[in-house]
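Counting convention: from 1, in listed order, for ligands and their atoms alike.
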Amino acid sequence: MPSVLRQLAACLVASSLCTTASMLPATAKDFGPSEVAAKENGFEIFNAVHSALRQWGSSLNHNGLSLFLATVPKGVLLYHGTHTTELPPGPEWLAFETEHAENFARPWRRPGGLRPTPPEGRMFDQHMHGLHGRLVVDNEESIPLGPNETVHGNLHIYRVTKPLRLLYIDGMGAGKCSLGTLDTQDLLLRGIRDHSPMGEFERAADLCAIAKEWELQGVIRMEAGFEIIKCDFSDSMELVSANQRPDFSNPGNTGYPEVQLLEYIRAVSQRYYGIGASRVAVDYSSMVSAMFYPVNLTNPDSQRPDLPRLVSATDKQLEVIRSRVAEVVNERFDGTHTNTIDWQGVTDMIVARYSERLKYMAEEIDTLVMFQGEVNNLINLHIEYARNDDDTLKLAVGRCTKYHTASIAPESPEDRLILAGIESVTSNICSTLFHVRELIVVDPDADSGSLVAAREAIQDLVNRLKWVEWRNCPKCGYDEVCFVAMWPMGDEESHYHPACRNSSAIATGLGFGSYWGPNDWPPPRKPDDNNTNGDGHRDL
Ligand SMILES: *[C@@H]1O[C@H](CO)[C@@H](O)[C@H](O)[C@H]1NC(C)=O
Ligand SMILES: *[C@@H]1O[C@H](CO)[C@@H](O)[C@H](O)[C@H]1NC(C)=O
Ligand SMILES: *[C@@H]1O[C@H](CO)[C@@H](O)[C@H](O)[C@H]1NC(C)=O
Ligand SMILES: *[C@@H]1O[C@H](CO)[C@@H](O)[C@H](O)[C@H]1NC(C)=O
């Protein structure tokens, strides 16, 4: 085997990546972003860019560690479900799907409370148990409607009148659970270590204080559906309508509770691969990620090594990263860096080229000749066949690595870190393919044993890449959706093995205490907890 390939093979065996970055406890002085860290976290950076603002991958890899600037263009319609026809006086939530917002178009309130408090996660139970006609107060209680109260909520539709500048918090950033979905918000942005997963009004107030400082209008996050925390509803939006919702006791409206859950999930599932119609423009070049920094992302929960956490990062480290987010926001607005590279498009091209072919090789091809054909098909174009030496092969691996990035001119420091992450992935893919070529194409004595070794090498690569496409469902029936756990819904099975599910199968593992639990919802009632400040409930 030529020495370059021996080296590559050795390093593939030794670790998932050919880097030797050490995780030194950084001092504030020397702590900063580095290509070494970006390479070390290359697979995760690749997947984060690939799944940005996509419901599917962001549900599977729900602990997001990255922040991006994002813009909602003028003209986009956004939805808000609530008890009133009035504009909310403070920060509130906007959905991108009507089905999502309709869940909150209810007369939620607490006794004596000034504002309604939707007990999130119970909304489905409410539909299913036909509680319409009563005000659901929390898990245990409900109180009869007052004389002037109705069961009708209102669905507000807003039109964006000036582009909304927002901070996108990736992963399942609106997942109010203790698995780490809130690390970027609570630890990095808010600087709070001892946080409860709920406390949404406090969280929104803090995020809006940051948004104000950075001249942004709110944040975008994702739960089962994408949402905006909009800091001021009178800013850059106009109310199109605030229509009353139907009376569910009217026979003309039967059936709604029966289909509501399936249709909500169906609506959200239509955003698995993108929010649609350019309703949000993500500035990929503005990405700031904890994965660019030499921080300890290990999950203290040894049962979940797959989920990165920020809990072991020091306050100083978090502060350095947070300052860089502020700087990047500023640089994007003051014109220092304005060029946006379509990094997600780059990852899409790479995934499109390799995902099915790698699976085909790893799982289906069982003849040497077909395997040879597939490998040759993927890497032949990079090889200069007029020469045959180590250098030629090294150059070929290099060309293969840069095949989808050679035309890109990184501009910002973050571009260079994203590039380093992506190329560490393509380098891994290409090294593996050239190693496999050595085993089954170049070796004149290749036999069925070589085929087994080649399949194993490709399978190992597949395991390192962890592309979310490979966990997709086959085409589902019309009475089903491909269901992946999305806060607050889903059992463990739906996280580890997403599959087509009908309405009743989705209802298994609904609400809390399942994949996303245990958590502290609903928060314990304090005797003076009659107004909603800080109790964690909210409208959308
Ligand atoms: C119900 O509405 C009527 C008419 O607006 C008002 O006079 C009355 O005080 C209201 N009753 C309560 C309990 O709010
Ligand atoms: C990283 O964090 C984990 C979990 O908190 C801890 O067990 C480990 O010792 C840390 N590693 C280093 C190098 O500090
Ligand atoms: C829903 O799917 C489950 C299996 O997951 C099946 O047992 C059940 O009969 C289905 N329900 C309907 C109404 O089709
Ligand atoms: C909270 O509301 C309940 C029911 O209306 C009332 O009995 C209680 O006195 C209120 N508590 C406070 C502190 O206002």
Side-chain angles (χ1 to χ4, degrees), residues 15-17 19-34 36-41 43-44 62-65 124 127-130 177-184 186-188 191-195 254-266 269 289-321 471-486 489-511 514-515:
S15 87
S16 63
L17 273 176
T19 57
T20 51
S22 57
M23 207 107 82
L24 295 171
T27 65
K29 196 157 69 67
D30 64 22
F31 179 76
S34 76
V36 174
K39 283 178 186 165
E40 190 158 89
N41 296 313
F43 292 101
E44 288 75 23
H62 50 70
N63 285 6
L65 298 174
F124 310 108
H127 289 306
M128 292 188 165
H129 299 142
C177 71
S178 304
L179 296 176
T181 52
L182 295 163
D183 282 3
T184 299
D186 289 348
L187 293 163
L188 200 157
I192 295 176
R193 282 197 181 266
D194 183 21
H195 65 278
T254 47
Y256 179 73
E258 285 70 23
V259 304
Q260 189 265 349
L261 177 62
L262 178 73
E263 294 308 339
Y264 169 36
I265 300 300
R266 197 199 303 271
S269 74
S289 177
M291 297 183 286
F292 297 162
Y293 293 77
V295 286
N296 184 354
L297 302 176
T298 307
N299 194 339
D301 177 359
S302 58
Q303 304 295 303
R304 295 306 304 270
D306 55 314
L307 298 178
R309 298 292 312 260
L310 288 178
V311 285
S312 300
T314 67
D315 290 349
K316 278 214 169 80
Q317 294 175 335
L318 293 170
E319 182 47 41
V320 168
I321 302 171
R471 294 176 66 185
N472 204 351
C473 308
K475 173 96 184 97
C476 299
Y478 293 122
D479 64 338
E480 299 172 322
V481 292
C482 178
F483 182 63
V484 62
M486 295 178 281
M489 289 165 296
D491 50 10
E492 296 224 337
E493 181 67 12
S494 62
H495 175 74
Y496 293 106
H497 304 107
C500 298
R501 289 200 192 191
N502 62 24
S503 186
S504 47
I506 290 170
T508 318
L510 193 68
S514 187
Y515 174 72

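- Not one N or O on the side chain of N63 forms a donor-acceptor pair closer than 3.5 Å with the backbone of L307.
- Residue S504 approaches ligand 3 through these ligand atoms, each under 4.0 Å from one of its heavy atoms: 1 (C), 11 (N).
- Put simply, atom 1 (C) of ligand 3 has protein non-hydrogen atoms near it, under 4.0 Å away.
- For atom 11 (N) of ligand 3, the protein comes within 4.0 Å by at least one heavy atom.
- Residue E480 holds its CD atom at 14.0 Å from CD1 of I265, rounded to the nearest 0.5 Å.
- Ring planes of Y515 and Y496: perpendicular class, angle over 60° (limits at 30 and 60°).
- Checked for salt-bridge contact, K316 and E319 miss the test: no charged N lies under 4.0 Å from a carboxylate O.
- Exactly one residue among V484, N472, V481 makes a side-chain contact (heavy atoms from CB on, under 4.5 Å) with P498. That residue is V484.
- For atom 5 (O) of ligand 3, the closest heavy atom belonging to the protein is A505 CB, 4.0 Å.
- Residue-to-ligand polar distances place S312 within reach of ligand 2: an N/O pair is separated by less than 3.5 Å.
- With salt bridges taken as basic N to acidic carboxylate O contacts below 4.0 Å, one links R193 and D315.
- Below 3.5 Å of separation, one finds no N or O of D479 facing any N or O of ligand 3.
- Among protein heavy atoms, the minimum distance from atom 8 (C) of ligand 3 is reached at N502 ND2, 3.7 Å.
- Remark: ligand 2 and N299 share no N or O pair separated by less than 3.5 Å (distance only, no angle test).
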